[in-house]
Every structure is written in structure tokens, then in C-alpha cells.
S.K.: 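First the structure, then my questions, so here it is.
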Amino acid sequence: MKYGYFDDSRREYVITTPKTPYPWINYLGMEGFFSLISNTAGGYTFYKDARLRRITRYRYNNVPIDMGGRYLYIKDGDTVWNPGWSPCKTKLDFYECRHGMGYTVITGKKDGVSAEVTYFVPVGYDGEVQQLVLSNEGSETKSLKLFSLVEWCLWDAQDDCTNFQRNFSTGRVELEGSTIYHKTEYRDRRNHYAFFTVNAPIDGFDTDRDTFIGLYNGFGDPQVVEAGKPGNSVADGWSPIASHYNEITLAPGESTTLIFILGYAENPYDQKFEADGVSINKVKAHAMIDAYNTPEKVAAGLAALRAEWDRLLGIISVKTPDDRVDRMVNIWNQYQCMVTFNLSRSASYFESGIGRGMGFRDSNQDILGFVHQIPDRARERLIDLASTQLPDGGCYHQYQPLTKKGNSDIGGDFSDDPLWMILSVAAYIKETGDWSILDEPVPYDNDPDTAQSMLQHLVVSFYHVVNNLGPHGLPLAMRADWNDCINLSCYSDKPGESFQTYTNPKFKAEGGYSKTAESVMVAALFTYVGPSFVGILKHLGKDDEAKRAQEAIDAMKATVMKFGFDGEWFLRAYDATGAKMGSAECAEGKIFIEPQGFAVMSEIGKEVGADIKALDSVDRYLNTKYGLVLNNPAFSKYYIQYGEISTYPGGYKENAGIFTHNNAWIICAEAYAGRGDKAFEYYSKIAPAFNEEISELHKTEPYVYGQMIAGKDAGRFGEGKNSWLSGTAAWNMVAISQYILGIQPDFDGLTINPSIPKAWDGFVVTRKFRGGNYTVKVSNPKHISQGVASMIVDGKPVEGNRVPVLGAGDHVIEVVMG
Ligand code: BGC
Ligand code: NOJ
């Protein structure tokens, strides 16, 4: 069942009922100011850091769900309704929500009144613009009362939802004309404020939540709205909000437009106040308000936003025989890559914005799907990430976006973290040809005195693996590898103990983690990533170092074949007792997905057919109608030696859920092995646009990937969760564009190596690359999956399938498969 439809010409998903199976959200903002907005206008806003600079409040896991947002209440006689249906839930005559690229338009109609609200964060602007067009489509004059509402958060989102003994005595606001300023703690140690304004004189206001809503009422029945009269309340200590009140009369056919702005500004510490020493210096707010206070300015802001997305999505675009592929690649997958790049795993409807900042492994992987869009931002991110690395190559697992400092509560010692940085820096160079990043001085642990070149950071990353091998010569698993839930050093036997941090001293004597537990997944990741490192060294003429690195890679491959291959597939790990994990000899969890794809793409054991055996085993044991499960059989009980993974009921999350992130590694590997039909089968099982018809089962948004779909062992097989912020976005972009369609940026050009469904006649990819516009036309007359028979570059036949950097201008590459 569907709850809307794709409008590809406008790059929108159009939701036609407010009662979606879960709130279906969008993200507004690209750099400083961010909003989460659901299809009923729920959600919240923050500046850069969802934890440390939360602007509006949101209560997660609420009952009913998704309460709190930016709401407009329209009181028409005794009827009160919202354009987005919630929170009043008055039945509407018409409802529609259009989620587009960086904007959302929600339209509601009731009793002849139409309210269309456009929400967006203009490019380079630290505020959310909300334009309401209110129209009388009936035949009688309408006298309407309009109330707006946002609820301020007290900046630190963690403190805001815990420290009530203090918070209930801190709230402060200031009023000026139609603008309500939020200045809690501004007098003291903060230099930032927020404001909510409307571009018209107001007939009243409220800034105190208890006055506006009433202690025993809710968002759906605020007492002031029910009474039809604002309280003109000034918050003092208690929970500050911002609400404007306007009386509006509309003749039949008449419309009016009101523009609300929810903004954020910072002042230099010595310029915080006006001359009275008390009032906020509002110069910045005034300029921001002035920028969008007319419909013309709003239209221009929206046009600029559209133009920016035209540009961003014009960098890579495809025409394949399947519209759903085009829709994913040309619109939604790339859009999601921008969002994951911006927010890592910090703020979604499943990530509270409090627990996690920018993840080291997550953000490095996000770059793979984003780097072509804004390479300069990717570069800056790479340097920020590398600045949280430690001199031995280990890394802080996360950093806060506002401080850019490694988070010591979480710490480091995740065995996979450093490797992802080699991959992302290589991807950056392959895309841009900007080798200068390697010379950039980058500190360790944010200490400028320790700075070394980015290249040296890659060196310590690579050797962090080589220098931390276990008894079989495989990489130590440490606290965890990519799978945070395989905690081989934890042995947790008490509720509340962290599986992932060192609150549990079982391996204290060994330095925190087991020196026996080893990860085959990290071994395979090492051999997959290693060649990029070698390629970098060779390019720099460091042949001896390249040779040494290659020897380490070759040795690792041999070790994996010796100790990490189970006969039909690659093992997952050795646990801290030295026992195999992910082996046919295990009672449960006999096979895991994670090592298989990287091992295949590293050609480990290819000469003895290990690659095809591994892929066939994945198909045989992990494939289901909704995607590939992570492991099989699911764990049915707690295995203390494995940790968190076995705490999930079978079929959920890392315990045999369909973890879409690692499905992509198999899609890549199948494509790599030339099995384009299998690659495409797996791709289409999890690609959201292919699952739109089962939205009632899938529940999460049909336009973006979620982290997980419940696996076959779950009671709710096929149900999606954790939408938006997942490495799935970047990896599926890589899988479809670089592995299936096979347009691969390389250090010295583009490699064209499609691996497609045999039924396809061909496809076209247009791609900007190093200043040139490339059109790659692939035809498949023999209906095969892989193999390039001939290639013509700008009219001239060339040998092989590599296109050198051709420079500026338009270039046509004609490829015939065969
Ligand atoms: C989740 C993982 C996640 C980790 C983050 C676990 O509970 O299952 O998916 O990566 O927490 O710390
Ligand atoms: C989600 C986390 O964000 C990611 O870092 C991790 O690799 C996966 N879960 C698997 O545990």
C-alpha cells in the first residue's frame, strides 16, 4: 500500500495522508542551521550540533508519536485545525505534504480555507523560513484567528531533558514588535540567541508555555487557542515558547501571505547587548528578518535553493531502463548522501541528537557517497576527522560537531576506524585529483604541536592494523569492528554495563580488549582498502613504501585463506577464547555477511574459487525476499562471549536483521564478480523506491534508506527502522554508480566496468569529472552482464576500459559491452 507518490519532475515525494505508518520526515538546511520536519510539521531545529545547540524542543518516543514542531493553529468559528492535521487532528478536507530537496510544503484545507505552508532553510542562512499562504476558497467572508507555536529548547538538549530543578528557573525571552527572542542564559555565558518572527503586526502573543497550552492540555488543545484569545504572556523562569496571534479576515477568493522566520544568531562577546546592557544586540536578527520578509524574497530564496540542487544533482545523473533506479540515483539517494554527510548519525527520528556526534567510521564512509557533490566540504571533513586521530593510528570513535574534539566518553580502540579514512581520502583524491590534501598538516588529538601530513595519518592508519595482529596473524577485533554489537572483549554479565565502552574491566589487564579475539572482517577490509594506499604511495614515487604495504596486504590475504576461510565462506572472527565465530561448526551465527564482500573484492582465494563459494553461500543462507540478513542462524540466546549482538531478538538489528549498509558490500562484490543480475536483485530488494508499494509493512519513508529491515526470524519480517542516517546511503550510491553501472573514478581517470542485468539494452551516465562533462553511453547488444568489447572516446577508439582525465569541455564515451 502507498501513502503518496513520487513526483520526479519536481523531485518531490508527495504524501497524501497525514497518517503515514510512521512520521515521514525531511531535512532542511545544509551547513549551519538544520531542521527535521515531519509530514505533519513535527520535528525540531538546531545549529550545527543537535546536542549542544538545540533551538527547539522535541520529545522523543512520545505518545502520541511526533508531538512538538512548528505549528500553526487556525481557528475558524469553533473549529481549530492545523494545515498538517496534527496536533489538533481535526479532519481536513484536503491534505498534502511535498517533501523536496531542502524544502517541505504542507497544504491543508478545511471549510473553504486553504493553508499552504512552505518550509525551507535558505542557502547560507541560519534560519527556517515558513511561508503561509492562507486563502479563502469559499463563498463567504472568513474571520480567522491564527496562532503560531514553537517551543524553545534550553540549548543543551541533554540538560534540557534531565535537569529540571534548574531549567524551570532559567527561561528568558525578549519581545520587539512581532519578534520573540529566546535568550535563556544569554545574559551569562552564552553569546547566541534565537528568534521567531512574522512579517506583519501581531494582535497578541504568548511566550509562556503554561499560559498558552495549559498544564493539563496538550499540543492538540492549547487553552489559549480554544479560548480564541492570546494570553500575552511573558515567560519568566518557566518554559519559554514563541507564539504569534493574528486576526485575519478574508473575503471570498482573497489570499494573504505571512512569513514566519525561526532564526539563530551569535554575537561577539563584547557586542552582546544594546546600550542598556540588558537587551540583546539584534543587528543580526534584523538583517536576517529583512532578508526574507516579502513573498518575492522568499520566492528568490526558494529559487536559489532549487538552483543549488540542480547543480548538485547535475553532477552525476543516469538514464537506465528502470525508472526506479533513475529516481534513486538522480534524486533521493544523492539527497540522502548529503544528509548523512551533514549529520552523520546524530539527529533523526531514531537518533536523539544527544548520544552521537560525528562518527569516525560513519563520516568517513559518508564521504564515499558525497564527495562528488561538494569536494571542498569533504576535504574539510577529512581534516576534521583526521584531527581526532591518535598518533598510533587509533582514533576517537566520535567527535562533537560544535567543538570538533574527540569524545572521550566513548574513546577509541575500534579496530576498523582507521581503515575507513584511507578509503575516504583515496575517494576524495580519485574524484578531485587534489593530491595536495596529502601534504596538509593535520594534528593528532587536536593538538597543533603534533601535526603531521595527512599522508602520515594514512600511514599510521594502515599500520595500526599491521601492528595489532592476534595469534593467527589476523587483526585484533579490539572493542568492536564495524559491527558495534560484536563485543568480543566485553563478557558483560550485569545489566546496564556498556557493551562498547570500558565500564566493564574484564580485559583491563590486557589494556582494555582481548589480545586473542581477531576480526576476519577487518582483515578483508584491510585487503580491500590497502590497494588504494599502495596506489597513493606509488603515485608519490614512494616505491619502497608501496612495496612494503603490498607485502602486508599479500600476507594478510594468505592469512585469511589459511585461518579465515571456512570452506564455503569466510569466517567472521575468533572470539576471546580463540573459538571460531561465523563458522559451520558454530551452533548459531554460522555465517556472517560482513567479511564476504570485501574478501571477494580483494580476490582472496579467487584462484581456488573462494569468491564464488562465498557469494553463493551468502545467497543460500542469507538471502530473503526483503534483502540479505546479517547472520544466520540468528542467535536465539545470549552468548556472553559475543556481546550485544545476541541481545537483540532474532531478526532485529545486528542479530540477523537485514542491515542494508552491508547488503551494499555484497551488491558491489556480486557486480565485481560479474554477476550483474544478482547484484541488481540485491540492489532492488532494499532500494526504497522499489519498496514503495509495501509502505504499510516497511513503515519508514519510501524515499530514503533505513539502517535496518527486520529479517526473516523477526515477528515483523520486512518492517523498516532507523531511516535516514545510515552508511547505507553512501554505500548504495557507490554500489549502483560505481559497481553496477561501473563508472569508477580512479587516480588517473575513469574506469568503465559495468556489471548489469543481462536484460538491459544499455544505459547512459552523465558525470562531471575534474572539470569536464562526460557522457558515457553504454550499449549491451549481446545481453551480457560484464565486459567491455570496445570503447570510443571523443570519436576515437581506445584500447581497454580506462578513460584518462580529458580536461574541460564535453566528452562522449561510447561503450559497447561484449
Ligand atoms: C546499535 C548499533 C550502533 C551502536 C552505536 C548499537 O546499540 O545496535 O547499530 O552502531 O549501538 O553505539
Ligand atoms: C550503526 C553505526 O552507526 C555504525 O557505525 C555501525 O557500523 C553499524 N551500526 C553496525 O553496528
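Atoms within a ligand are numbered from 1 in the order they appear, just like the ligands themselves. What's counted below: heavy atoms across the whole structure, side chains too, no hydrogens, waters or symmetry copies.
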S.K.: For atom 11 (O) of ligand 1, what is the nearest protein heavy atom, given as residue, atom name and distance?
M.R.: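 The answer is Q500 NE2, 3.8 Å.
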S.K.: With a cut-off of 4.0 Å, which atoms of ligand 2 are near a heavy atom of Q707?
M.R.: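 The list of qualifying atoms is 1 (C), 9 (N).
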S.K.: Closest non-hydrogen protein atom to atom 8 (O) of ligand 1, residue and atom name please, with distance?
M.R.: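 The answer is Y648 OH, 2.6 Å.
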S.K.: Give the atoms of ligand 2, by number and element, whose distance to some non-hydrogen atom of D362 is under 4.0 Å.
M.R.: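 Checking each atom against D362, I get 2 (C), 3 (O), 4 (C), 5 (O).
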S.K.: Starting from atom 7 (O) of ligand 2, which protein heavy atom do you reach first, and at what distance in Å?
M.R.: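 In this structure, atom 7 (O) of ligand 2 has W482 O, 2.5 Å as its nearest protein heavy atom.
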S.K.: Among all protein non-hydrogen atoms, which one is nearest to atom 11 (O) of ligand 2, and what is the separation to 0.1 Å?
M.R.: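 Checking every protein heavy atom, the shortest distance to atom 11 (O) of ligand 2 gives E654 OE2, 2.5 Å.
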S.K.: Among all protein heavy atoms in this structure, tell me which lies nearest to atom 4 (C) of ligand 1, with the distance rounded to 0.1 Å.
M.R.: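 Of the protein heavy atoms, D484 OD2, 3.6 Å lies nearest.
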S.K.: Pull out every atom of ligand 2 sitting under 4.0 Å from any heavy atom of R356, numbered as shown with elements.
M.R.: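 Listed by number with element: 2 (C), 3 (O).
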S.K.: Given E644, K653, R361, which has its nearest heavy atom closest to atom 7 (O) of ligand 1?
M.R.: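 Residue with the shortest heavy-atom distance to the ligand atom: E644.
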S.K.: Under 30°, 30 to 60°, or over 60°: which ring-plane class applies to F635 and F592, parallel, tilted or perpendicular?
M.R.: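 The rings of F635 and F592 sit tilted, inter-plane angle from 30° to 60°.
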S.K.: Could you tell me the separation between the CG atom of D416 and the OG atom of S519, rounded to the nearest 0.5 Å?
M.R.: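 With rounding to 0.5 Å, CG (D416) is 8.0 Å from OG (S519).
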S.K.: When you compare the side chain of W420 with that of D362, does any pair of heavy atoms fall below 4.5 Å?
M.R.: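 D362 does not reach W420 side chain to side chain.
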S.K.: Go through ligand 2 atom by atom and flag the ones less than 4.0 Å from a non-hydrogen atom of N483.
M.R.: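 Answer, ordered by atom number: 11 (O).
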S.K.: Find all atoms of ligand 1 within a distance of less than 4.0 Å from any non-hydrogen atom belonging to C485, and give their numbers and elements.
M.R.: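 Contacts of ligand 1 toward C485, numbered from 1: 1 (C), 6 (C), 8 (O).
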S.K.: NZ of K515: more than 12 outside heavy atoms within 6.0 angstrom?
M.R.: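 Yes, enclosed.
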S.K.: From N467 CG over to F462 CZ, what is the distance, rounded to the nearest 0.5 angstrom?
M.R.: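 One gets 10.5 Å once the value is rounded to the nearest 0.5 Å.
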S.K.: Just how far is it from atom CZ of R716 to atom CG of L697, taken to the nearest 0.5 Å?
M.R.: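 Going from the CZ atom of R716 to the CG atom of L697 covers 10.0 Å.
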S.K.: Starting at OG1 of T527, measure out to CE of M556 and round the result to the nearest 0.5 Å.
M.R.: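 Separation between the atoms: 8.0 Å.
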S.K.: Could you tell me if any non-hydrogen atom of R356 lies under 4.0 Å from any atom of ligand 1?
M.R.: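 In this structure, R356 qualifies as a contact of ligand 1 - some heavy atom is under 4.0 Å.
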S.K.: Just heavy atoms, cut-off under 4.0 Å: does Q707 contact ligand 1 by side chain, backbone, both, or neither?
M.R.: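 For Q707, only side-chain atoms sit under 4.0 Å from ligand 1.
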S.K.: Using a strict 4.0 Å threshold on nitrogen-to-oxygen distance, state whether R345 and D366 make a salt bridge.
M.R.: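 Salt bridge between R345 and D366, a charged N being under 4.0 Å from a carboxylate O: yes.
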S.K.: Fit a plane to each ring of Y703 and W24, take the angle between them on a 0 to 90° scale, and name the class: parallel (under 30°), tilted (30 to 60°) or perpendicular (over 60°).
M.R.: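 Plane angle over 60°, so perpendicular.
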S.K.: What is the nearest protein non-hydrogen atom to atom 2 (C) of ligand 1, stated with its residue, atom name and distance?
M.R.: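 Of every protein heavy atom, E654 OE2, 3.0 Å lies nearest to atom 2 (C) of ligand 1.
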